[in-house]
Amino acid sequence: MSGTHSKAIGVETIGMTMRFGAFTALDDVSIKVPAGSFHALLGENGAGKSTLVKCMMGFYHPTSGDILVDGRQVTIASPRDASALGLGMVYQHFTLVPSLTGAENLVISRERVPGVIDWRKERGELAAFMSGMPFKVPLDVKVAELAAGEKQKLEIIKQLYLGRNFLVLDEPTSVLTPGEAQEVLGLVRGMTKAGDLTVLMISHKFHEVTAFADDITVLRKGRLTGTGKVSDLSRREMAAMMIGDQPIAALDSRAEPKPDAEIVLKVKALKAPDRTGLKSIDIADLGVRSGEIVGIAGISGNGQKEFLEVLAGQRPRNGGEVMVRGATYAATRAEARALNVRLIPEEPLKNACAPRMTVAENIAFRTFDVDGNGKPVSWISAGAIKAFSARLVEQFKVKTASLSSPIASLSGGNVQRAVLARELTGEVDLLIVSNPCFGLDFSAVAEIRARIMKARNAGAAVLLMSEDLDELLELSDRILVMSDGALVYETPIAQASVQTIGEHMAGHH
Amino acid sequence: METTDIGLWGVPLAMLGGAIRVSTPFIFVSLGEAITERSGRINLGLEGTLVFGAMSAYAVAVMTGSPWLGLLAAALAGLCFGLFHGWICKFPKVNDIAIGIALMLFGTGLAFFFGKPFIQPSAPDLPAIPFGAWSDIPQVQAALNVNVLFLIGAALAVFLWWAFRNTRIGLIVRVVGDSADAARAMGLNPNTVRLLATGVGGALAGIGGAYLSLYYPGSWTERISSGQGLMAVALVIFARWNPLGCFAAALLFGGAGALGPALQSVGVTQGYYLFYAAPYILTLVIMIATSSPSRTLAGAPGELSITK
């Protein structure tokens with residue numbers, strides 16, 4: 001089964017419907033992906049994209065509808081059936097086992113593995129298989145030590161090694177640098193052109209879709225809202241198919257930056273151990289002025305997370321200085337309050353909320369123990385918390401069943417709105433943000449970015465760390481690149497080039 | 001046996017002999033725990049399994065006259081304890097550590113209950129091979145009188161080290177221990193793999209217990225184990241989940257445990273009790289030295305509840 005280099009196969013769904021109880025996740029969706037094509041599946045979170053591909057992969061059993069593989073009707077009752085038909089899926093998050101080498105990962109994922117593995121023979125066969133692949137990945141290294149781009153290539157190689165020639169790629173570039181994304185998709189594109197592979201790619205990124213896909217299908221709320229050739233459609237048309245006619249928050253126009261504004265955040269010679277304890281992060285010099293957004297780009301795992309944790313007080317530092325408006329800042333509650341420092345960490349439910357406490361309590365975390373004049377109170381008033389939170393929920397359009405629901409019951413976008421409501425209320429002098437829009441849908445993303453821009457225009461100094469380069473390019477006044485624990489490159493937004501930033505992210509300089 | 005005075009040489013020699021004697025239960029328990037932890041679960045109940053294994057081995061050996069049947073009984077009892085642990089832990093929201101502690105108390109309690117009638121009678125010992133027969137010095141002979149279980153344990157450590165890389169089962173255990181999602185994507189059921197891994201781990205711990213009661217110290221008492229089952233867990237972490245490391249660490253712990261008796265045997269009369277505490281101090285020192293508040297352990301299976 002491995003190494004067989006059969007030709008691409010085409011897949012078609014007819015009238016796919018999937019109901020979970022009363023909820024219809026997928027409503028009469030028919031899509032056609034011909035052999036050797038590169039098809040993009042677009043849609044917001046909850047539009048039914050993953051339900052559709054899970055039906056195709058045999059994880060779900062559709063309520064009604066048929067699947068055709070190469071024109072023949074088939075029954076796919078389990079992932080095993082899908083695999084036998086040559087259908088495979090590459091997930092957004094890696095499914096490789098980190099502590100195993102690439103070769104071990106490939107061999108153990110085969111359906112039939114001999115009881116005792118003859119590594120000499122396997123290595124020979126793998127080398128022969130790899131020589132026919134456009135991808136080059138070292139197979140003798142533990143997967144944990146591979147770069148994200150290499151892991152993603154290895155995921156694709158694994159599917160091909162298992163003889164699957166129809167691949168669903170679920171947001172395959174979300175963890176890659178622009179350069180890596182370009183390379184991986186380019187190679188995949190080459191294989192589809194050669195007729196070796198058919199690809200159905202779930203994506204949010206229009207520029208990838210327009211650059212690589214042949215056709216698109218768009219889903220919204222479980223229904224098919226559009227399909228067509230990429231060459232016939234503009235981005236605006238695609239966006240309209242995705243979000244329908246809901247209003248999108250517009251970004252405030254950027255207030256003129258003042259080059260001589262006060263430097264609110266100053267970081268000097270900051271050193272801290274990283275997650276593994278083997279390396280350290282080292283921020284030599286960083287200043288963020290009032291009224292500007294400084295973006296920090298970098299591939300995840302290059303120390304941004306640790307840097308944020310130091311600023312948030314979650315991680316001890318080995319040395320160096322963090323100053324906010326001239327005062328030493330050690331991220332205590334009192335200092336954050338006095339200096340108006342606000343924080344929007346990534347994965348807000350985990351890092352900025354107490355998941356089982358109520359929405360009202362979570363929103364009041366900054367203020368519950370002080371009265372209107374900032375004096376500490378000895379009795380906490382539940383009524384005041386409720387009233388305060390109700391106002392903010394209204395103002396920030398947090399959709400919640402009630403103020404006393406646990407915050408964990410909210411959708412990702414609404415958790416982020418609640419956190420924004422808490423952090424952006426009152427005076428904000430310094431705002432530290434990390435990956436604020438990760439995994440959120442279109443309208444939430446637009447709204448959150450608009451809020452951040454508004455805070456900037458109101459005079460806050462904003463430090464924005466993001467793995468999404470588009471986000472940084474849209475929001476930042478300056479972009480810095482973090483690689484291997486240090487800030488290695490800086491560019492004003494006017495001169496920013498994706499190419500150069502990408503090269504610095506990958507550490508090629 | 002006539003004693004020849006070999007002076008202070010007696011200390012390292014007695015420690016070597018002691019290391020070999022004392023380490024055997026450590027080897028088995030830690031190899032068992034290494035298998036279980038590599039599959040992504042911790043079984044703290046091995047202390048109870050060890051004591052119950054010791055009791056059941058002794059009881060069966062007394063009744064049948066065969067130490068090997070006793071060994072088998074201990075392995076079976078350990079298997080049952082392991083499977084029980086694995087079975088309970090498959091339910092959602094069950095904490096493997098809490099279940100382990102419960103089973104530790106349960107195992108020791110049950111062993112005391114069933115073991116009462118076997119405190120008096122004496123059981124046949126497991127055989128040992130006199131590797132020291134070439135020497136005339138009785139201390140050398142004593143130190144090199146190596147029990148077969150030690151040899152089996154050593155061979156098992158090498159085998160497991162090899163098997164984790166070169167066999168399908170070894171790779172499957174590692175996959176399940178490192179990423180349950182990846183395992184599911186491969187069509188493996190993590191719970192089944194962990195159930196079996198915990199079962200095998202329990203069986204090995206039972207064998208470790210049989211060694212205690214059937215060879216050294218060689219009788220069944222209620223104080224037969226002095227925390228070896230728990231120390232073995234620390235030892236697995238110290239050995240970074242590597243079977244060969246487990247073997248080496250077990251020897252080190254065994255040697256430390258033999259320090260007190262060795263000093264006593266050469267006539268140190270004061271303070272040697274302090275050295276009886278050596279293995280416990282070693283455990284503590286190792287745990288402190290290898291832990292850090294800001295990083296995770298290198299080589300730790302990704303699914304382990306303590307390192308997640």
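A quick note: this is a predicted structure, and the numbers were derived from the prediction, not measured. Chain letters run A, B, ... following the sequence lines, proteins first and then strands; every chain starts at 1.
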Task: B:R174 side chain near A:L100 side chain, heavy-atom distance below 4.5 Å - done: yes
Open item on the list: Tell me whether the count of non-hydrogen atoms from other residues, nucleotides or ligands lying under 6.0 Å of CD1 in B:I169 goes above 12.
Closed with: no
TODO: Could you tell me which portion of B:L188 (side chain, backbone, both or neither) has an atom closer than 4.5 angstrom to a non-hydrogen atom of chain A?
DONE: neither
Task: Side chain, backbone, both or neither of B:D181 within contact of chain A (heavy atoms, under 4.5 Å) - done: neither
Task: Stepwise side chain to side chain contact (heavy atoms under 4.5 Å, CB included) check, A:I108 with B:M186 - done: CA-CA 9 Å; A:I108 195 64; B:M186 282 176 204; 3.9 Å; yes
Open item on the list: Surrounding CZ of B:F164 (heavy atoms of other residues, nucleotides or ligands, distance under 6.0 Å), is the total greater than 12?
Closed with: yes
- [ ] Identify which part of A:P114 has an atom lying under 4.5 Å from any heavy atom of chain B, answering side chain, backbone, both or neither.
- [x] backbone
Task: Residue, of A:G115, A:A272, A:A144, that accumulates the most heavy atom pairs under 4.5 Å with chain B - done: A:G115
- [ ] Could you tell me which non-hydrogen atom of B:A182 sits nearest to which non-hydrogen atom of A:T95, and how far apart they are?
- [x] CB-O, 2.9 Å
- [ ] Output, in order, the C-alpha distance, side-chain angles, deciding distance and verdict of side chain to side chain contact (heavy atoms under 4.5 Å, CB included) for B:L171 and A:V113.
- [x] CA-CA 10 Å; B:L171 282 184; A:V113 186; 5.8 Å; no
